[in-house]
Amino acid sequence: MSRYNVRENEAKWQSAWADRNSFAVSADPARPKYFVLEMFPYPSGRIHMGHVRNYTIGDVIARYKRAKGFNVLHPMGWDAFGLPAENAALERKVHPGKWTYENIATMRGQLQSMGLAIDWNREIATCRPEYYRHEQKMFLDFLKAGLAYRKESWVNWDPVDNTVLANEQVVDGRGWRTGALVEKRKLSQWFLKITHFADDLLSALATLDRWPEKVRIMQENWIGKSTGLRFRFQLTAPAGVTPNVFPGEPEVEVFTTRPDTLFGASFVGISPNHPIALALAEKNPAVAEFIADCNRVGTSEEAIETAEKKGFDTGITAEHPFVPGWNLPVYIANFVLMEYGTGAIFGCPAHDQRDLDFARKYGLKVTPVVVPEGEDPATFDVGTEAYTGPGLLRNSQFLDGMDVEAAKQAAGERIEAMGRGQRTTIFRLRDWGVSRQRYWGCPIPVIHCPSCGLVHVPEDQLPVTLPDDVTFDQPGNPLDRHPTWKHVNCPTCGTAAVRETDTFDTFIESSWYFLRFASPRVEGQAFNREEAAYWLPVDQYIGGIEHAVLHLLYARFWTRALSHVGYTDLKEPFEGLFTQGMVTHATYQDAEGKWLLPSDVDVVDGKSVEREGGGPVTVGPIIKMSKSKKNVVDPAHIIDTYGADAARLFMLSDSPPDRDLEWTEAGIDGAWRFINRLWRLVTEPSVALPPAGTPIPAELSPLATDARRMVHKTVAAIGEDLERFRFNKAVARIRELSNALEKLDAKAGADAQNIQEGDAAVLREGLEVLVRLIGPMMPHLAEELWSVLGHDTLLVDSVWPVADEALATEDTATVAVQVNGKLRATLHLPKDIAKEEAEALALAEPNVQRALEGKPVRKVIVVPNRVINVVV
RNA sequence: GCCCGCUUGGCGGAAUUGGUAGACGCAAGGGACUUAAAAUCCCUCGCCCUUACGGGCGUGCCGGUUCGAUCCCGGCAGCGGGCACCA
């Protein structure tokens with residue numbers, strides 16, 4: 001019995017594809033295109049199992065679509081800027097660029113060992129000037145179009161990495177990489193106007209019908225559209241507080257989604273960072289202290305957990321817009337955010353939980369104005385829980401008796417008629433802060449001139465490249481410290497000026513790389529317009545759910561911004577999106593609680609022990625593979641041992657691709673076993689196979705008939721499975737088919753001297769089909785078997801099999817016979833047999849008769865080819 | 001707190017979306033081959049009763065609709081994910 005020689009064959013076929021440039025493509029308007037893209041990797045050092053899963057899924061789709069006749073673009077690149085390179089520079093005294101390029105070389109080799117059908121001629125690395133020069137140009141174009149601007153603003157400052165973080169990079173008040181408590185700092189920053197497209201980014205989600213619902217909902221919530229009313233309260237400052245506390249008119253503008261509850265108002269709350277609060281702070285140390293207090297706890301974890309409402313009564317009063325003389329106290333309130341709405345609210349405690357907490361604490365009036373159905377308007381009251389549901393208005397003058405929606409409209413109209421405000425829409429989405437105080441990123445192409453101010457780097461001076469001679473021995477930005485780099489003459493007036501030393505957020509590179517793949521070698525422009533028009537949008541994008549908001553939203557924005565400044569007509573970059581699950585593994589700890597690698601653990605007599613020394617091991621929960629918990633398995637080692645095909649097969653088997661996949665030794669063993677089984681099935685048939693295309697006689701043995709039907713059924717089913725990302729089911733069907741062919745082969749072997757005409761021909765056809773079906777999943781094995789079957793062309797150049805529907809359908813149906821819904825017998829009936837006949841046969845079954853217990857049959861339900869249910 | 005999703009054998013998961021629950025695989029047990037092991041092959045494998053034929057129960061829990069519910073509806077519980085003082 002032979003074993004499949006993995007190393008030899010995988011290397012052989014990888015070279016064969018490379019030598020023939022099998023996966024190189026070019027735009028060809030005469031052919032239908034298909035762009036398969038997996039989220040490109042960050043070159044961290046070595047590939048991990050998450051990569052293997054991601055690229056296996058993409059490769060199956062790419063190879064399948066290719067076999068189906070599409071012109072398939074399947075490229076690979078490197079998301080090569082980022083902090084880890086600088087951390088490596090710090091720890092190992094190696095230049096971030098050198099570290100990055102070495103990692104790319106390693107990981108390229110590892111990816112190539114997976115046998116991916118990638119057009120490597122299109123490989124890009126975003127840290128190369130020939131890539132990032134284009135995004136410098138794009139940025140300048142955005143700047144001219146008003147889509148980029150500079151603003152002094154509070155930023156999230158990560159004290160460990162010494163850098164600014166985007167809102168999206170702050171998780172629970174901590175830096176997403178370092179986990180350090182984020183501080184607030186005020187810096188001059190570059191922003192991209194993603195809010196300009198807020199409405200479109202939101203409404204176009206509805207067109208993304210090949211995106212997971214979950215991702216669309218997450219983006220929807222992130223964009224956070226609210227419709228409501230924006231209006232002004234007239235303010236009065238009490239004696240002792242001079243009127244000039246007001247930066248402008250003595251008024252404050254608030255935003256509300258509940259104008260219907262205006263008559264339930266009991267206070268006005270302004271943010272600690274509201275201009276009025278800041279103006280008060282200058283006169284009043286107590287206010288200044290209160291504000292400082294609020295800012296200190298700002299985003300910290302405790303603040304979010306305790307969420308205590310705190311307020312400072314300013315003494316200022318606000319006059320109710322509908323009731324002259326009704327004055328509400330104005331508080332500085334810690335729960336009012338300056339960044340959302342107008343930074344000021346009116347509080348209606350009865351119908352908003354935060355307002356209620358606040359009112360109870362400060363003894364403010366609570367007046368319910370919306371009465372739920374079934375409650376008595378005269379007595380309805382709220383306790384500690386605000387009522388936010390529907391109902392009818394009361395205590396609200398002209399709104400009395402209306403429902404909530406009508407009252408919202410009426411109140412809004414009244415305010416508008418009074419000229420005090422207007423109904424409006426606001427978004428939670430904030431503009432994207434893109435400045436980073438880091439070295440290993442794309443330089444921002446502007447110059448600060450003392451006389452001209454902000455000057456764009458002229459296009460003929462692009463790219464602004466990073467200097468190589470930098471040091472990482474002190475915290476802060478090496479670009480800023482560099483002795484000469486930032487000092488330049490102003491391109492406009494020639495006087496001494498300073499370069500911007502911030503670099504771009506690395507999410508910018510990944511916001512347009514898919515466009516660069518259309519024409520990765522074109523110079524002088526980011527991409528060739530025609531080629532981009534042919535290849536884009538990406539037909540199928542595949543990656544982790546962790547990018548549901550950040551990367552995917554930025555890429556959608558960037559694409560719109562590029563269209564806005566005329567680069568392309570593309571609107572949505574990714575037509576189909578698939579988010580794969582994580583690769584998980586059990587965790588192991590030794591007696592001291594130290595994490596152990598799976599490869600350091602052995603199982604002896606059902607117990608886990610340390611491989612070295614045999615110490616006891618605690619087996620922990622099955623969680624995402626991570627270096628910190630050491631529950632990682634190195635793909636390179638697996639590919640070395642079992643081959644890429646086995647690793648790929650395991651990635652596709654058992655777990656649906658959108659769910660988590662537990663990596664196990666037994667699982668990869670199982671995959672390896674199956675590969676050898678396929679190998680033996682094709683290379684060691686027990687009868688001589690007739691040549692390919694040998695006609696199959698009409699009369700076949702029952703076993704051959706069944707096998708042949710299975711072949712055609714499987715072709716149809718697997719096509720469907722692959723289209724719908726049901727790889728686990730596709731693998732199950734491959735196994736069923738190979739089981740059926742093994743059975744046929746064994747039969748042919750047993751009867752070798754008296755072989756039924758056609759059995760061998762059916763086996764031949766089945767093997768031909770089987771090998772083509774496994775092509776996308778196990779490409780090396782498939783290629784080898786294709787050659788064993790006598791083909792002198794490459795499998796990757798052959799077409800996908802076509803199912804013969806007539807051969808796939810059965811002429812009998814297995815019908816369940818139930819009595820009162822309980823299964824009592826199964827019948828094999830000719831397909832589409834007359835109902836009466838089926839009924840009679842069912843009732844004739846002894847077991848059915850027994851179950852009837854002589855009772856009269858009330859009715860019989862016959863579902864053709866499925867079920868007969870006898871009801872008594 | 002709000003918004004999503006999930007819950008099926010010892011395990012991963014199937015079930016043509018209202019029609020035979022448990023495909024396919026993993027693990028386990030038994031057997032064959034072998035001096036032995038590995039590899040390979042065969043058999044068993046939801047739970048309970050029964051020598052067998054067969055019967056009862058069973059898709060997180062409670063209820064409903066239906067001839068028939070893993071699937072639809074109402075309620076509850078548990079697990080996971082996202083957002084989080086968003087007015």
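The analysis underlying the following values was restricted to heavy atoms, covering all of them including side chains, and did not include hydrogens, waters or symmetry mates. Here is how names work: the chains are called A, B, and so on, in the same order as the sequence lines, proteins then strands, and each is numbered from 1.
Taking atom P on both nucleotides, B:A84 is separated from B:C79 by 23 Å, rounded to a whole Å. Taking atom P in both B:C11 and B:G63, one finds a spacing of 26 Å when rounded to whole Å. Separating the P atom of B:G81 from that of B:G29 is a span of 35 Å, rounded to the nearest Å. For the C1' atoms, the distance from B:C3 to B:G13 is 28 Å, rounded to whole Å. One C1' atom belongs to B:C24, the other to B:C45, and the distance between them is 15 Å to the nearest Å.
Phosphate contact (OP1/OP2 of B:G55, side-chain N/O of A:Asn847, threshold under 4.0 Å): present. Neither OP1 nor OP2 of B:G1 sits under 4.0 Å from any side-chain N or O of A:Arg354. Between A:Ser653 and B:G12 there is no side-chain N or O to OP1 or OP2 distance below 4.0 Å. Between B:G56 and A:Arg824, a contact under 4.0 Å exists linking OP1 or OP2 to a side-chain N or O.
Of the candidate nucleotides B:G68, B:G13, B:U20, B:U20 has the atom lying nearest to any side-chain atom of A:Thr814. The side chain of A:Arg428 has B:A84 as its nearest neighbour among B:A84, B:G19, B:C26. Here B:C4 is the nucleotide among B:U20, B:C4, B:G19 with the atom lying nearest to any side-chain atom of A:Lys214. For A:Val867, the side-chain atoms get nearest to B:G19 when compared with the rest of B:A84, B:G19, B:C85. Here B:C67 is the nucleotide among B:C67, B:A87, B:G12 with the atom lying nearest to any side-chain atom of A:Ile861. The side chain of A:Arg659 lies closest to B:G13, out of B:G19, B:C26, B:G13.
One atom, CE of A:Met582, and another, P of B:G80, lie 12 Å apart when rounded to the nearest Å. Regarding A:Gln219, its CD atom lies at a distance of 20 Å from the P atom of B:G81, rounded to whole Å. Residue A:Ile734 contributes atom CD1, which lies 17 Å from atom P of B:A14 at whole-angstrom precision. Here the P atom of nucleotide B:U66 and the CZ atom of A:Arg858 are 12 Å apart, to the nearest Å. Regarding A:Asp669, its CG atom lies at a distance of 8 Å from the P atom of B:A27, rounded to whole Å. Following rounding to the nearest Å, A:Asn334 (CG) and B:C86 (P) show an atom-to-atom distance of 12 Å. As a whole-Å value, the separation of A:Trp663 CH2 from B:C26 P is 15 Å. Atom CG in A:Asp658 sits roughly 19 Å away from atom P in B:C4 (whole-Å rounding).
Under the 4.0 Å criterion applied to side-chain N and carboxylate O atoms, A:Arg216 and A:Glu213 are assigned as salt-bridge partners. Comment: A:Glu845 does not engage A:Arg824 in a salt bridge, judged by the lack of any side-chain N to carboxylate O separation of less than 4.0 angstrom. Ion pairing of A:Glu742 with A:Arg677 is present here, as a side-chain N (NZ or NE/NH1/NH2) and a carboxylate O approach within less than 4.0 Å.
Here the side chain of A:Tyr331 pairs no donor or acceptor atom with the backbone of A:Ile270 at under 3.5 angstrom. The main-chain N or O of A:Arg423 is never found under 3.5 Å from a side-chain atom of A:Arg230 such that the two would form a donor-acceptor pair. Listed for the A:Thr664 side chain is a donor-acceptor partner under 3.5 Å among the backbone atoms of A:Gly667.
Base pairing of B:G58: no nucleotide in any strand meets the Watson-Crick or G-U wobble criterion (both distances under 3.5 Å). Pair assignment for B:G68 gives none, since no Watson-Crick or G-U wobble pairing has each distance under 3.5 Å. In this entry B:A39 has no Watson-Crick or G-U wobble partner, no candidate having both defining distances under 3.5 Å. Remark: B:G80 base-pairs with B:C4; criterion is Watson-Crick or G-U wobble with both hydrogen-bond distances under 3.5 Å. The nucleotide B:A14 finds no pairing partner, because no Watson-Crick or G-U wobble arrangement with both distances shorter than 3.5 Å includes it.
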Polar pairs (N or O, both sides) under 3.5 Å between protein and nucleotides 21-25 of chain B?
| from | atom 1 | to | atom 2 | distance (Å) |
| --- | --- | --- | --- | --- |
| B:A23 | O2' | A:Glu736 | OE2 | 2.7 |
| B:G25 | OP1 | A:Asn739 | ND2 | 3.2 |

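Classification of the A:Tyr554-A:Trp432 ring pair by plane angle, with boundaries at 30° and 60°, yields parallel.
You'll find the ring centres of A:Phe346 and A:His320 outside the 6.0 Å limit.
Among the atoms of the strands shown, none is found under 4.0 Å from any heavy atom of A:Val815.
Map A:Glu213 and A:Gly343 each onto its nearest nucleotide of RNA chain B; the residue landing nearer the 5' end is A:Glu213. With RNA chain B read from its 5' end, the first of the two nearest nucleotides for A:Arg258 and A:Glu662 is the one closest to A:Glu662.
In this structure, A:Lys831 places its NZ atom where more than 12 heavy-atom neighbours from other residues, nucleotides or ligands lie under 6.0 Å away.
Base orientation of B:G9: syn, the glycosidic angle falling within 90° of 0.
With A:Phe674 as the aromatic partner, A:Arg735 meets the cation-pi criteria of under 6.0 angstrom to the ring centre and within 45 degrees of the ring axis.
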